[in-house]
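Chain naming here is simple, since letters A, B, ... match the order of the sequence lines and numbering starts at 1 in each. All figures in this text were calculated on a predicted structure; none of them were measured in a lab.
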Amino acid sequence: MSEFITGKKRTQYCGNIRAEHAGSEVVLMGWVHRRRDLGGLIFIDLRDREGTVQIVFDPEKGPEAHTLAHTIRSEFVLAVRGQVNRRPADMVNPSLNTGEVEVIAEELEILNEANTTPFVLDGETEVSENLLLKYRYLDLRRRDLQRNIILRSRVAAETRTFLQREGFIEVETPFLTKSTPEGARDYLVPSRVTPGYFYALPQSPQLFKQLLMVSGFDRYYQIVKCFRDEDLRADRQPEFTQIDMEMSFIAEDDIISVIEGMMSHIFEACLGRTLTPPFPRLTYREAIERYGRDNPDTRFALEITDLTDMAGQSAFRVFSETARTGGVIKALTVPDGSAFSRKELDALGEFVSPYGAKGVAWVRVGEDGWTGSLAKFFNQEMMQRIHEKTGARPGALILFVADAPSVVSASLGALRVRLAERLGLIDPDTLAFTWITEFPLFEYSETEGRYMATHHPFTSPAAEDIPLIETDRGRVRARAYDLVLNGSEIGGGSIRIHRPDVQSMIFKALGLREDEVQTKFGFFLEALQYGTPPHGGIAFGLDRLIMIMAGAESIRDVIAFPKTLKASCLMSDAPSEVSADQLRELSLKII
RNA sequence: GGGGUCGUAGUUAAGUCGGUUAUAACGCCGGCCUGUCACGCCGGAGGCCGUGGGUUCGAGUCCCAUCGACCCCGCCA
């Protein structure tokens, strides 16, 4: 470190000074968080990454420093030499970690001045995200954001500690790689030396990690950036970080137990939270039936009940028609939900419309029967049976959605979370981990008009379902598993296909032409023929994991330099135009 | 690709039915102040009302387009 004041070096961080340092001389360096200039006495809160401490400029203790201190403004960078002074009892500031002490300045050097910042860095004033992102380096001075970034560093470090101890080997894989069909849109990088050819940035190191298993590394991991050129969300960035892993000679339970150990280690080391594996498991089917989605938030109950049989027999046309035409009628039962106002109930209909539902039907359960416009379509016996199935008691509210199965699940799945938030059912301190297993291997895509891989095309089918690949594709179960935490998918993986014949069969089932398979995956299929061990792996979204650990609302709060929803960086102004020369060199033309 | 919210001093917001000189708080600048800690008191400066067009005698306000940020659906193996 460079030397400043009279040849002295920084002795410690501002935020770390405590009563035990009283009487000692310190040299501090940091930013002016706030100044209180009383004319005679001047107080400065000096800030560094560990916190702030009060500096006192007293004309009797340091006349030159006091004179200079009048010129100090917010965010100036200072070096201060002085004595740590224990504050008199009536001047202790209990809201500061350093509140029992202060530093009496004897010498001051202004290391740098600062323009007035475009927003106040007090962490309390709401500032538009636009501005925060443009001046990200200033936003990053704020305590909350620094805490998140520091937590992220610790999680990455503890992940490495754990995995190295478990015999995993970190291997770097290429960023400049090959574009492959299936999956997300690729970010492309033009090749200069081979005009008209492109690299793709990896959506994940999937093929490389499997090839490392072929190579015999046995256990691989990497904390690695991945790139997907798709539309963004509050929890999605175009470049994001995965904890990527692969293991040989293992089955589902081996991976699950390693990950349960890894999560326990990370949460204990970084948050002091003790987890209690094994985590509960749900099949995909159960998750959809009970929670409406494959990433259920299991911090609260409020489960979905299937009432297709009962409600389908009611005189209510919408219900009977839905049941008759292959749709389903499902419900959420809110105990004591009768308090919902008519206005709130109407708003629920709007809430589910993005998921394709035409509305939410509701009844209030009273001591003697139902109230609400739907009540007249149900007789006493039907009500009784529905009460039994849903557990509804007087005072409850029953919310029905009738539609195609996928619409009903999506609607009620979202509504369930919304209601839980509204009713305060979610304990923010709970950590609800759940494994989701037995995903379908294929999903039919209406837009593509064909079956697509639910997970990815290298996922192994359940052995007993292999015959179904030819006959009943939709029913083939995958040896895939996701780890869900508090309603967020934080990781997912699978046992891979290690037999070239099965891999070819899957490519074929996905509608890939033989020549296409050879061009895109030929090298990989060939590799599988040189002695591939049974293997499988998993990848975690580090950003999402940190979000939950930090209690962050947006993925931007856990990434130092994030991009906007339009994938631009407001600070550096990327992406931007490039010169004609650059384009010519790459043989590219803007159309 | 679709739906929604927002854009007014440096910042955060108010701005009525379209009508005089566009308000306030914080911040900033100057002055006073020796125990403040969101210091206090006095004074002052500060506006492309996102941008472009239209309607009107007159637009921050109404209409159209556009740019940007955010949220959701589709999409994200």
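Note: NE2 (A:H70) to P (B:rC32) measures 9 Å, nearest angstrom. Spacing between atom CD1 of A:I44 and atom P of B:rG35 amounts to 17 Å, rounded to whole angstrom units. Between the OH atom of A:Y135 and the P atom of B:rA69 there is a distance of 16 Å, rounded to whole Å. Following rounding to the nearest Å, A:D229 (CG) and B:rG1 (P) show an atom-to-atom distance of 12 Å. Computed from coordinates, the A:L121 CG to B:rC26 C1' distance equals 14 Å when rounded to whole Å. A straight line from CD of A:E75 to P of B:rG27 spans 14 Å, rounded to a whole angstrom. In this entry the distance linking CG of A:N85 with C1' of B:rG35 reads 11 Å, nearest Å. Summarising the geometry, the separation between CZ on A:R73 and P on B:rG30 is reported as 5 Å, rounded to the nearest angstrom.
No hydrogens or angles were tested; on distance alone, a donor-acceptor pair under 3.5 Å links the side chain of A:R236 to the base of B:rC76. In terms of polar N and O atoms assigned as donor or acceptor, the side chain of A:R233 comes within less than 3.5 Å of the base of B:rG74 in a complementary pairing.
Heavy atoms of A:P59 sit under 4.0 angstrom from at least one base atom. Here A:P118 lies in heavy-atom contact (under 4.0 Å) with sugar-phosphate atoms only. As judged by a 4.0 angstrom heavy-atom cut-off over every strand, A:E443 is placed among residues making no nucleic acid contact.
Searching all strands for a Watson-Crick or G-U wobble partner of B:rC6 with both distances below 3.5 Å returns B:rG68. Base pairing of B:rC41: its partner is B:rG31, meeting the Watson-Crick or G-U wobble criterion (both donor-acceptor distances under 3.5 Å). Taking a pair to require two hydrogen-bonding distances under 3.5 Å in either a Watson-Crick or a G-U wobble arrangement, B:rU55 remains unpaired.
For the pair A:Q237 (side chain) and A:K563 (backbone), a donor-acceptor distance under 3.5 Å is present. Remark: side-chain polar atoms of A:D37 are paired, donor with acceptor, to backbone N or O of A:G39 under 3.5 angstrom. Looking at A:R496, its side chain never comes within 3.5 Å of a backbone N or O of A:T459 through a donor-acceptor pair. Side chain of A:R47 to backbone of A:G30: no donor-acceptor contact under 3.5 angstrom is found. Between the side chain of A:N148 and the main chain of A:D557, a donor-acceptor pair closer than 3.5 Å is present. A:R544 contributes a side-chain N or O that, together with a main-chain N or O of A:E489, makes up a donor-acceptor pair within less than 3.5 Å. Remark: side-chain polar atoms of A:S353 are not paired, donor with acceptor, to backbone N or O of A:G349 under 3.5 angstrom. No donor-acceptor pair closer than 3.5 Å links the side chain of A:N112 to the backbone N or O of A:V77. Remark: side-chain polar atoms of A:Y481 are paired, donor with acceptor, to backbone N or O of A:S494 under 3.5 angstrom.
Across all non-hydrogen atoms, the minimal contact from A:I149 to A:A560 is CD1-N, 3.6 Å.
Donor-acceptor pairing under 3.5 Å is lacking for the side chains of A:Q222 and A:D244. Looking only at atom types and distance, the side chain of A:Q54 has a donor-acceptor partner in the side chain of A:R36 under 3.5 Å away. Side-chain contact of A:H70 with A:R35: a donor-acceptor pair under 3.5 Å is absent, judged by distance alone. Residues A:S95 and A:N93 bring a donor and an acceptor atom of their side chains to less than 3.5 Å of each other.
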Nucleotide by nucleotide, 5' to 3', does protein get under 4.0 Å of the base (B), only the sugar-phosphate (S), or neither (-) in nucleotides 44-51 of chain B, counting heavy atoms?
--------
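When ring centroids are compared, A:F175 and A:F227 come within the 6.0 Å threshold.
For the P atoms, the distance linking B:rC63 with B:rG27 amounts to 37 Å, nearest Å. Using atom P as the reference point in both B:rA22 and B:rG50, the two lie 16 Å apart (nearest Å). Using P as the reference atom, B:rC29 and B:rC39 are 14 Å apart when rounded to the nearest Å. For the C1' atom pair drawn from B:rG18 and B:rC49, the interatomic distance equals 15 Å after rounding to whole Å. Distance noted for atom P between B:rU23 and B:rG15: 15 Å (whole Å).
The 5' end of RNA chain B is approached more closely, in terms of each residue's nearest nucleotide, by A:A234 than by the other of A:A234 and A:Q203.
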Distances under 3.5 Å between nitrogen or oxygen atoms of protein and nucleotides 36-41 of chain B:
{"residue": "B:rU36", "atom": "O2", "partner": "A:R36", "partner atom": "NE", "Å": "2.7"}
{"residue": "B:rU36", "atom": "O2", "partner": "A:R36", "partner atom": "NH2", "Å": "3.4"}
{"residue": "B:rU36", "atom": "O2", "partner": "A:Q54", "partner atom": "OE1", "Å": "3.2"}
{"residue": "B:rU36", "atom": "N3", "partner": "A:Q54", "partner atom": "OE1", "Å": "2.8"}
{"residue": "B:rU36", "atom": "N3", "partner": "A:Q54", "partner atom": "NE2", "Å": "2.9"}
{"residue": "B:rU36", "atom": "O4", "partner": "A:Q54", "partner atom": "NE2", "Å": "2.8"}
{"residue": "B:rC37", "atom": "O4'", "partner": "A:R36", "partner atom": "NE", "Å": "2.9"}
{"residue": "B:rC37", "atom": "O2", "partner": "A:Q54", "partner atom": "OE1", "Å": "3.3"}
{"residue": "B:rC37", "atom": "O2", "partner": "A:N93", "partner atom": "ND2", "Å": "3.1"}
{"residue": "B:rC37", "atom": "N3", "partner": "A:R87", "partner atom": "NH1", "Å": "2.7"}
{"residue": "B:rC37", "atom": "N4", "partner": "A:R87", "partner atom": "NH1", "Å": "3.3"}
{"residue": "B:rC37", "atom": "N4", "partner": "A:M91", "partner atom": "O", "Å": "2.7"}
{"residue": "B:rC39", "atom": "OP2", "partner": "A:R34", "partner atom": "NE", "Å": "3.4"}
{"residue": "B:rC39", "atom": "OP2", "partner": "A:R36", "partner atom": "NH1", "Å": "3.2"}
{"residue": "B:rC39", "atom": "N4", "partner": "A:D37", "partner atom": "O", "Å": "2.7"}

Strictly under 3.5 Å: I want the nitrogen or oxygen pairs between protein and nucleotides 12-15 of chain B, one per line.
{"residue": "B:rU12", "atom": "OP1", "partner": "A:S128", "partner atom": "N", "Å": "2.6"}

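Counting heavy-atom neighbours within 6.0 Å of A:W435 CH2, excluding the residue itself, gives a total above 12. Annotation: A:E64, atom CD; neighbour count of heavy atoms from other residues, nucleotides and ligands within 6.0 Å does not exceed 12.
Note on A:E252 versus A:R479: salt bridge recorded, some NZ/NE/NH1/NH2 to OD/OE distance being below 4.0 Å.
Residues from residues 551-573 of chain A lying near RNA chain B, meaning a heavy-atom separation below 4.0 Å, are A:R556, A:T564, A:L565, A:K566, A:S568, A:L570 in numerical order. Taking a 4.0 Å limit (strictly below) on heavy-atom distances, residues 474-485 of chain A does not reach RNA chain B anywhere. Near RNA chain B, meaning a heavy atom under 4.0 Å away, the residues from residues 343-355 of chain A are A:P354, A:Y355.
Using bins of under 30°, 30° to 60° and over 60° for the plane-to-plane angle, the ring pair A:F521/A:F458 lands in the perpendicular bin. Using bins of under 30°, 30° to 60° and over 60° for the plane-to-plane angle, the ring pair A:Y137/A:Y135 lands in the perpendicular bin.
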